[in-house]
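In this chain, residues are counted from 1 in sequence order.
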Amino acid sequence: FPRGFTLVEMLMAATLFSIIAAGMALSFMSGMRLWARAQGQDGALAEALLTLERMAREVRQSVDVPAIGFGGTASEVSFPCLVGDSIVQLTYTFDRSNNTLRRQQVGLKEIIEERLQPEALESLLLVANDVALDYASVDKAHQRPTGAWQEEWDQDDGVPPAMRLRIRLKD
């Protein structure tokens, strides 16, 4: 009796080995894609948090300058701010076509002289699907916040007591 494997047994073993190897490779590739996606989200979240922190710092440094005023809509806010040793008008605009949050600054001197050339225009957040701004509503008779939020803020109303920014990231 010769000892060994028949052709059918060899084909069955090769088929089982191929199926197991393909399953392991598929599982590994799926894990790699999931890991890469998680790493990308961490970077996007970190970028969004840094942008929010910068914007919050600049809003806190906002000053009441009637020549510039504090105004805003649901997708844009413009306010006077102290940057370095000069007062500038900062404008944050969410561009829905490119999904970018843009920051523009114009110096007070240029505003007074009506030369509205931006000193700097930069894209800050490249991963946002949506940005929404809200402003704390004020009871004008008593000059106190009402607890409600509104989507627009008029420059004639001065500086809002609070501003809320919501960013929805991709994925």
Side-chain angles (χ1 to χ4, degrees), residues 32-171:
M32 291 299 290
R33 278 194 302 261
L34 183 62
W35 181 78
R37 184 174 176 196
Q39 291 296 325
Q41 284 181 343
D42 287 345
L45 183 59
E47 183 182 358
L49 289 174
L50 287 173
T51 300
L52 286 173
E53 181 60 35
R54 179 181 184 181
M55 191 173 177
R57 184 181 66 241
E58 291 173 342
V59 168
R60 282 191 300 268
Q61 293 174 343
S62 177
V63 292
D64 193 10
V65 178
I68 297 175
F70 192 113
T73 64
S75 61
E76 178 177 299
V77 64
S78 180
F79 55 92
C81 179
L82 185 61
V83 174
D85 60 348
S86 61
I87 295 177
V88 298
Q89 178 184 25
L90 289 178
T91 304
Y92 283 91
T93 307
F94 181 65
D95 183 5
R96 293 189 193 287
S97 63
N98 297 328
N99 288 343
T100 57
L101 183 64
R102 298 188 185 275
R103 177 186 179 274
Q104 176 182 344
Q105 84 179 39
V106 178
L108 181 61
K109 181 180 177 183
E110 285 78 17
I111 292 172
I112 292 172
E113 294 175 359
E114 295 182 6
R115 293 183 297 140
L116 300 176
Q117 298 298 319
E119 294 175 13
L121 179 63
E122 52 185 308
S123 295
L124 296 176
L125 188 64
L126 302 175
V127 294
N129 275 353
D130 191 32
V131 171
L133 293 158
D134 295 316
Y135 309 93
S137 182
V138 175
D139 179 10
K140 293 180 183 180
H142 298 100
Q143 293 299 317
R144 284 187 282 175
T146 63
W149 293 94
Q150 58 192 47
E151 287 188 0
E152 292 193 13
W153 189 263
D154 192 88
Q155 289 185 357
D156 297 334
D157 294 336
V159 178
M163 184 176 84
R164 178 173 62 181
L165 171 67
R166 292 171 287 158
I167 295 178
R168 186 168 51 97
L169 301 175
K170 292 181 181 177
D171 298 330

Excluding sequence neighbours, so at least two apart, what forms side-chain contact (heavy atoms from CB on, under 4.5 Å) with [X]?
{"X": "Arg57", "result": "Arg54, Arg60, Gln61"}
{"X": "Leu50", "result": "none"}
{"X": "Ala162", "result": "Ala136, Trp149"}

Kindly indicate whether the side chain of [X], heavy atoms from C-beta on, has any atom under 4.5 Å from the side chain of [Y].
{"X": "Pro161", "Y": "Val138", "value": "yes"}
{"X": "Arg103", "Y": "Leu90", "value": "yes"}
{"X": "Met55", "Y": "Leu165", "value": "yes"}
{"X": "Tyr92", "Y": "Val131", "value": "no"}

Can you pull out every salt bridge (charged side-chain N to carboxylate O under 4.0 Å, His left out) where at least one residue sits in residues 72-99? Sequence neighbours excluded, please.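 For residues 72-99: Asp95-Arg102, Arg96-Asp130.
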Write down the atom of Pro80, the atom of Gly69, and the distance for their closest heavy-atom approach.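 Here Pro80 and Gly69 meet closest at CD-O, 3.2 Å.
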Could you report the tightest heavy-atom contact between Phe70 and Ser62, atom names first, then the distance?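 In this case the closest contact between Phe70 and Ser62 is CD1-OG, 3.8 Å.
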Report the C-alpha separation of Ile68 and Phe79 in whole Å, then their side-chain angles, then the decisive distance to 0.1 Å, and conclude whether the side-chain contact (heavy atoms from CB on, under 4.5 Å) test is met. CA-CA 7 Å; Ile68 297 175; Phe79 55 92; over 6 Å; no
Of all pairs that satisfy side-chain hydrogen bond (donor to acceptor under 3.5 Å, both in side chains), the ones with a partner from residues 151-161, not counting sequence neighbours: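 For residues 151-161: Lys140-Asp157.
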SG of Cys81 to CD1 of Ile87: how many Å apart, nearest 0.5 Å?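 Cys81 atom SG to Ile87 atom CD1 measures 9.5 Å (nearest 0.5 Å).
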From CG (Leu101) to CG (Leu52), nearest 0.5 Å: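 Rounded to the nearest 0.5 Å, the CG-CG separation comes to 8.5 Å.
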[X]: what forms a side-chain hydrogen bond (donor to acceptor under 3.5 Å, both in side chains) with it, not counting sequence neighbours?
{"X": "Ser78", "value": "Gln89, Thr91"}
{"X": "Arg166", "value": "Asp134"}
{"X": "Gln150", "value": "Ser137"}
{"X": "Asp64", "value": "none"}

How far apart are the C-alpha atoms of Val77 and Tyr135, what are their side-chain angles, what is the distance that settles it, and do they pass the side-chain contact (heavy atoms from CB on, under 4.5 Å) test? CA-CA 10 Å; Val77 64; Tyr135 309 93; 3.6 Å; yes
For the pair Thr146 (side chain) and Asp139 (backbone), establish whether a donor and an acceptor sit closer than 3.5 Å, ignoring hydrogens and angles.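 No; judged by distance alone, with no hydrogens or angles, the pair does not exist.
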